[in-house]
*Asks:* 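Right, I'll just put the structure down here and ask away after.
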Amino acid sequence: MSTYQWRKSTYSPNSSNCVNVAASDRAVLLRESDDPDVILTTTPAALRAFIRDAKAGAFDRVQQGGA
């Protein structure tokens, strides 16, 4: 497995429960510091769209448990 240079947001508290981000040649990788072996992979465009929609409130009414 390749070694990535993981970064933590400056908005994250100084504890172990934060999201880390790293970049590879083709993808953006995300992991939770509490469980660093689980890595989500996405494209830069998809991550930008997700952040844009989250800031706009697109997920504010998402309900758990289905429709």
*Asks:* Minimum heavy-atom separation for V38 to R31, with atom names?
*Replies:*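 Between these two residues, the closest heavy atoms are O-CB, 3.4 Å.
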*Asks:* Mind listing the closest non-hydrogen atom pair of Y4 and A23 along with its distance?
*Replies:*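 Scanning both residues completely, I find the closest heavy atoms to be CD2-O, 4.1 Å.
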*Asks:* What residues, two or more places apart in sequence or in another chain, satisfy side chain to side chain contact (heavy atoms under 4.5 Å, CB included) together with A56?
*Replies:*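 Counting only residues at least two positions away or on another chain, A56 forms no side chain to side chain contact (heavy atoms under 4.5 Å, CB included).
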*Asks:* Please enumerate all residues that pass side chain to side chain contact (heavy atoms under 4.5 Å, CB included) together with A27, with sequence neighbours excluded.
*Replies:*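 By the side chain to side chain contact (heavy atoms under 4.5 Å, CB included) rule, A27 matches S24, T41.
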*Asks:* Please enumerate all residues that pass side chain to side chain contact (heavy atoms under 4.5 Å, CB included) together with L47, with sequence neighbours excluded.
*Replies:*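 Expected list: V28, L30, T42, I51.
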*Asks:* Enumerate the residue pairs fulfilling ring pair (Phe, Tyr, Trp, His ring centres under 6.0 Å) with a member in residues 30-58, sequence neighbours excluded, ordered by first and then second residue.
*Replies:*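 Qualifying pairs: F50-F59.
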*Asks:* Quick one: list whatever passes side chain to side chain contact (heavy atoms under 4.5 Å, CB included) with R48, sequence neighbours left out.
*Replies:*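 Scan of R48 (side chain to side chain contact (heavy atoms under 4.5 Å, CB included), adjacent residues dropped) gives P44, A45.
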*Asks:* Among pairs that include at least one residue of residues 21-45, which meet ring pair (Phe, Tyr, Trp, His ring centres under 6.0 Å), considering only residues two or more places apart or in two chains?
*Replies:*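 Qualifying pairs: none.
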